[in-house]
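On a predicted model such as this, the values are computed, not experimentally measured, just so you know.
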Amino acid sequence: MNKLIEFLRDSEAKGLILGNNGFRAERPTSTFVGIWYEGKAICKITPDFIQHTLEVLPPESADECDRLTDLFAMLGMTQLRVKWFGKRAYIQRVRNSQPVAEYALREPYTLKVTI
């Protein structure tokens, strides 16, 4: 099983290193889990009864977009990716390796995920 999913299910766990360069998950309180990259929060996960609310914060670089795409994959949402075009990030829904829907991430974006 994915270590991130195990971490989200274990309410006693306080932190989990997800990769290099400061990509980690932390549980500062029992109400939410923050996902951080290089010292900056990139999203917030709030547990619910069956689903979790995933609040994606607008990325400021292509590296942050890559980490968000990695996070989606860890949560089983492989049809979603975040791409950096010009000076803005876009969340895309992909089908057969081609984007079928796209949304500019100018403000925090909320998703529901079943874990």
Side-chain angles (χ1 to χ4, degrees):
M1 182 181 280
N2 187 315
K3 290 196 182 279
L4 177 60
I5 293 173
E6 288 177 15
F7 174 76
L8 292 172
R9 289 181 178 169
D10 182 5
S11 61
E12 299 298 315
K14 296 296 179 195
L16 174 68
I17 295 175
L18 298 172
N20 57 1
N21 297 16
F23 186 37
R24 67 187 191 286
E26 292 182 0
R27 187 185 316 271
T29 68
S30 61
T31 58
F32 75 94
V33 170
I35 306 294
W36 299 76
Y37 178 65
E38 292 185 342
K40 182 182 176 288
I42 59 173
C43 80
K44 180 172 115 175
I45 302 172
T46 307
D48 203 349
F49 178 67
I50 294 175
Q51 291 186 321
H52 285 61
T53 301
L54 178 68
E55 184 179 351
V56 179
L57 303 174
E60 296 177 357
S61 70
D63 286 340
E64 288 181 28
C65 291
D66 293 342
R67 295 299 74 79
L68 284 167
T69 299
D70 293 343
L71 176 66
F72 291 153
M74 288 180 211
L75 294 173
M77 299 186 305
T78 56
Q79 76 280 10
L80 296 178
R81 68 181 179 194
V82 181
K83 289 292 185 183
W84 186 262
F85 294 114
K87 297 181 181 181
R88 184 171 292 145
Y90 295 86
I91 187 168
Q92 298 176 333
R93 184 170 186 271
V94 180
R95 186 175 193 186
N96 297 326
S97 300
Q98 296 296 318
V100 293
E102 184 173 84
Y103 178 80
L105 286 171
R106 294 183 192 120
E107 300 175 353
Y109 189 70
T110 303
L111 300 167
K112 290 286 191 178
V113 61
T114 303
I115 297 176

Quick one: do [X] and [Y] end up in the same hydrophobic cluster if we chain Ile, Leu, Val, Met, Phe, Trp and Tyr together by side-chain heavy atoms under 4.5 Å apart?
X     : Y     : answer
Tyr37 : Tyr90 : no
Ile42 : Trp84 : no
Phe32 : Phe7  : no

Partner residues of Asp66 under the side-chain contact (heavy atoms from CB on, under 4.5 Å) criterion, sequence neighbours left out: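 With neighbours one apart ignored, the set is Asp63.
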
Contacts of Asp10 that satisfy side-chain contact (heavy atoms from CB on, under 4.5 Å) - sequence neighbours left out: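 Partners of Asp10 under the side-chain contact (heavy atoms from CB on, under 4.5 Å) test: Glu12, Ala13.
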
N/O donor-acceptor pairs under 3.5 Å from side chains in residues 45-58, not counting sequence neighbours:
{"from": "Gln51", "atom 1": "NE2", "to": "Thr114", "atom 2": "OG1", "distance (Å)": "3.4"}
{"from": "Thr53", "atom 1": "OG1", "to": "Lys112", "atom 2": "NZ", "distance (Å)": "3.0"}

Any side-chain heavy-atom pair of Leu16 and Leu18 under 4.5 Å: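 They are in side-chain contact.
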
pair Phe23-Ile17: side-chain heavy atoms closer than 4.5 Å: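 They are not in side-chain contact.
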
Residue list, side-chain hydrogen bond (donor to acceptor under 3.5 Å, both in side chains) with Arg24, at least two apart or on another chain: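 Testing Arg24 for side-chain hydrogen bond (donor to acceptor under 3.5 Å, both in side chains), a comparison that skips the adjacent residues, returns Glu26.
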
Partners meeting side-chain hydrogen bond (donor to acceptor under 3.5 Å, both in side chains) with Thr31 (sequence neighbours left out):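 Counting only residues at least two positions away or on another chain, Thr31 forms a side-chain hydrogen bond (donor to acceptor under 3.5 Å, both in side chains) with Thr29.
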
Leu68 and its side chain to side chain contact (heavy atoms under 4.5 Å, CB included) partner, picked from Val82, Ile35, Leu80: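 So, applying the side chain to side chain contact (heavy atoms under 4.5 Å, CB included) to Leu68 and each of Val82, Ile35, Leu80, only Val82 qualifies.
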
Side chains of residues 94-104: which donor-acceptor partners sit under 3.5 Å, not counting sequence neighbours?
{"from": "Glu102", "atom 1": "OE2", "to": "Gln92", "atom 2": "NE2", "distance (Å)": "2.7"}

Under 3.5 Å: donor-acceptor pair, side chain of Trp36, backbone of Glu38: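 Checking the backbone N and O of Glu38 against the side chain of Trp36, no donor-acceptor pair under 3.5 Å is found.
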
